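Take a look at the structure set out below.
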Amino acid sequence: MNTSEFKTGKNKVTFMSDGSKVSALLFLPQNFDSTKKYTTVITTPPATGVKEQVVGLYAEELSKKGYVALAYDPRGWGESEGIPFYLNPWNMADDTKNGVSYLLTLPFVDKDYVHNLGICMGSGFAGFATATDARIKSLAVVSPYVDARESYQKALGGSSAAVRKYMLSQGGKARQHYYETGEVVTIPVVPANEQQADETKAPPVARGMMEYYNPDSPGGGYCDNWNNKLNAMSIEGMASFQVFNYCDLYEDIPALVIYGDKAITKDGAQKMYDMLNGSKELMIVEGAGHFDLYWKPEFVSQAVNRIDEFLSK
């Protein structure tokens with residue numbers, strides 16, 4: 001796309017990430033002027049998330065504050081190429097990094113002011129990407145769900161051997177099946193209703209996803225570009241990745257952590273904040289649950305205003 005083809009608001013773009021074409025939405029501020037330089041934000045989405053959902057909302061709201069903002073479909077999700085529905089934390093971090101590479105080719109992006117916004121599980125992937133890519137100047141996270149590995153192990157009695165037996169074995173079987181047949185084995189992520197959640201012993205986060213992702217949910221997260229599927233190979237990364245391993249790399253990286261005081265994920269969010277070893281800020285949104293910060297205007301506006309304040313520094 002030539003610079004002259006960009007317009008204020010939403011622009012559909014693509015970029016390459018390790019050989020796969022990634023689909024994205026680039027949001028440009030009001031009265032956009034391609035001859036100017038803009039502070040820019042790349043968003044890293046939640047697990048299974050696509051650009052039309054919460055990351056697109058935050059990118060659009062930040063563009064109204066004067067930022068250039070990019071929301072993308074990770075490889076294998078939405079309209080992007082890649083192994084279908086495969087969630088790999090390190091791949092998603094690379095998608096963010098390659099998104100930064102794309103942004104830095106745009107003449108109106110200020111190369112000294114590119115920032116990363118992670119949401120939910122994407123907060124951890126964004127945390128790793130920011131820690132290991134010096135082109136990204138700061139990190140903001142909203143409703144971080146960053147202790148999945150610990151949660152899985154706790155649910156299985158605290159045994160890493162149980163994680164290997166009951167979770168990683170399923171990931172290995174799916175990987176072998178994909179190698180031999182080229183077919184992906186998928187599992188649903190979000191229960192269809194409370195009865196199914198009870199029958200499958202869905203964890204609290206999966207239950208919470210029902211209010212945002214299901215077709216009749218109040219959060220309105222369901223869209224044609226999203227699928228309630230997770231490649232079973234994803235279990236390997238989800239059961240092993242921890243952003244806490246990289247929090248000591250933030251000595252010179254400013255960070256902002258935002259979570260709701262009613263969030264089911266607040267303990268992990270607070271732990272991430274405590275472990276970050278550089279300049280950091282914390283916002284606890286009164287009355288907000290984890291998914292409230294995905295879509296409820298009264299909470300999203302608070303988060304966006306605080307992110308704007310943080311980035312303005």
Side-chain angles (χ1 to χ4, degrees), residues 41-49 54-55 58 74 87-97 115-134 136-155 158 163 203-206 208-209 237-286 288-294 299-300 302-304 306-307 309-311 313:
V41 179
I42 186 165
T43 59
T44 304
T48 81
V54 57
V55 283
Y58 272 79
L87 191 158
N88 181 302
W90 297 273
N91 284 359
M92 281 188 63
D94 278 349
D95 290 342
T96 290
K97 293 181 180 184
H115 309 275
N116 195 356
L117 169 62
I119 299 176
C120 191
M121 194 173 279
S123 299
F125 312 152
F128 170 71
T130 302
T132 56
D133 190 335
I136 304 173
K137 303 306 179 184
S138 75
L139 171 72
V141 294
V142 174
S143 282
Y145 175 36
V146 290
D147 58 352
R149 174 185 169 182
E150 295 175 346
S151 299
Y152 298 145
Q153 189 163 325
K154 183 178 180 181
V163 171
V205 170
M209 292 175 79
M238 295 175 70
S240 59
F241 178 86
Q242 280 195 315
V243 72
F244 308 128
N245 295 333
Y246 311 104
C247 287
D248 63 347
L249 300 177
Y250 274 76
E251 185 176 347
D252 60 348
I253 308 171
L256 168 66
V257 176
I258 300 175
Y259 67 86
D261 65 353
K262 306 296 184 185
I264 53 180
T265 52
K266 64 181 181 181
D267 290 345
Q270 183 64 46
K271 180 178 178 179
M272 179 180 180
Y273 173 79
D274 290 341
M275 292 187 68
L276 291 166
N277 68 334
S279 173
K280 56 189 176 182
E281 299 179 20
L282 177 66
M283 179 185 189
I284 302 176
V285 183
E286 185 176 351
H290 179 91
F291 291 98
D292 291 336
L293 283 161
Y294 275 46
F299 298 127
V300 172
Q302 291 182 58
V304 170
R306 185 57 182 272
I307 293 167
E309 178 185 327
F310 170 71
L311 296 180
K313 297 178 182 178

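Here the structure is a predicted model, which is why all the values come from computation and not from measurement.
In terms of the ring-ring contact (aromatic ring centres under 6.0 Å, His included) criterion, residue partners of His290 (sequence neighbours excluded) are, by chain and number, Tyr294. Glu309 is linked by a side-chain hydrogen bond (donor to acceptor under 3.5 Å, both in side chains) to nothing, counting only residues two or more places apart in sequence or in another chain. With sequence neighbours excluded, the residues satisfying side-chain hydrogen bond (donor to acceptor under 3.5 Å, both in side chains) with Asn88 are Tyr86. Asn277 pairs by the side-chain hydrogen bond (donor to acceptor under 3.5 Å, both in side chains) definition with nothing, not counting sequence neighbours. Not counting sequence neighbours, Asp147 has no partner by the side-chain hydrogen bond (donor to acceptor under 3.5 Å, both in side chains) test.
The two residues Thr96 and Ala129 make their nearest non-hydrogen contact at CG2-CB, 4.2 Å. The shortest non-hydrogen separation linking Ala239 to Val163 is CB-CG1, 4.1 Å. Listed here is the closest heavy atom pair of Val142 and Ser123: O-OG, 3.8 Å.
Taking the side chain as every heavy atom from C-beta outward, Thr44 and Pro74 never approach each other to under 4.5 Å. The side-chain heavy atoms of Phe241 and Phe128, taken from C-beta on, include a pair separated by under 4.5 Å. You'll find the side chain of Ile284 reaches within 4.5 Å of the side chain of Tyr259, heavy atoms only. Counting only heavy atoms from C-beta outward, the side chains of Lys262 and Asp292 never approach each other to under 4.5 Å. Looking only at side-chain heavy atoms (C-beta outward), Met92 and Met121 stay at 4.5 Å or farther from each other.
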*Could you walk me through whether Val146 and Val141 pass side-chain contact (heavy atoms from CB on, under 4.5 Å), step by step?*
CA-CA 10 Å; Val146 290; Val141 294; over 6 Å; no
_Verdict with reasoning, Lys97 to Thr132, per side-chain contact (heavy atoms from CB on, under 4.5 Å)_ = CA-CA 9 Å; Lys97 293 181 180 184; Thr132 56; 2.8 Å; yes
*asked:* side-chain contact (heavy atoms from CB on, under 4.5 Å) for Tyr58 and Ile307? Distances and angles first, verdict last.
replied: CA-CA 10 Å; Tyr58 272 79; Ile307 293 167; 4.2 Å; yes
_CA sep, side-chain torsions, deciding dist, call: Leu311, Ser138, side-chain contact (heavy atoms from CB on, under 4.5 Å)_ = CA-CA 8 Å; Leu311 296 180; Ser138 75; 3.6 Å; yes
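Checked by atom type and distance alone, the side chain of Thr43 never pairs as donor or acceptor with a backbone atom of Leu117 at under 3.5 Å.
The line from CZ of Phe310 to CG of Leu139 is 7.5 Å long, rounded to the nearest 0.5 Å. A distance of 9.5 Å separates CE in Met209 from OH in Tyr145, rounded to the nearest 0.5 Å. Distance CZ/Arg306 to CD/Glu281: 5.0 Å, rounded to 0.5 Å. Here the NE2 atom belonging to His115 is positioned 10.5 Å from the CD1 atom belonging to Ile136, to the nearest 0.5 angstrom. Distance check, rounded to the nearest 0.5 Å: CG of Leu276 to CZ of Phe244 gives 9.5 Å. To the nearest 0.5 angstrom, Gln302 atom CD is 9.0 Å from Glu286 atom CD.
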Let me check something: any side-chain donor-acceptor pairs from residues 245-258 under 3.5 Å, sequence neighbours excluded? List them with distances.
from	atom 1	to	atom 2	distance (Å)
Tyr250	OH	Gly127	O	2.6

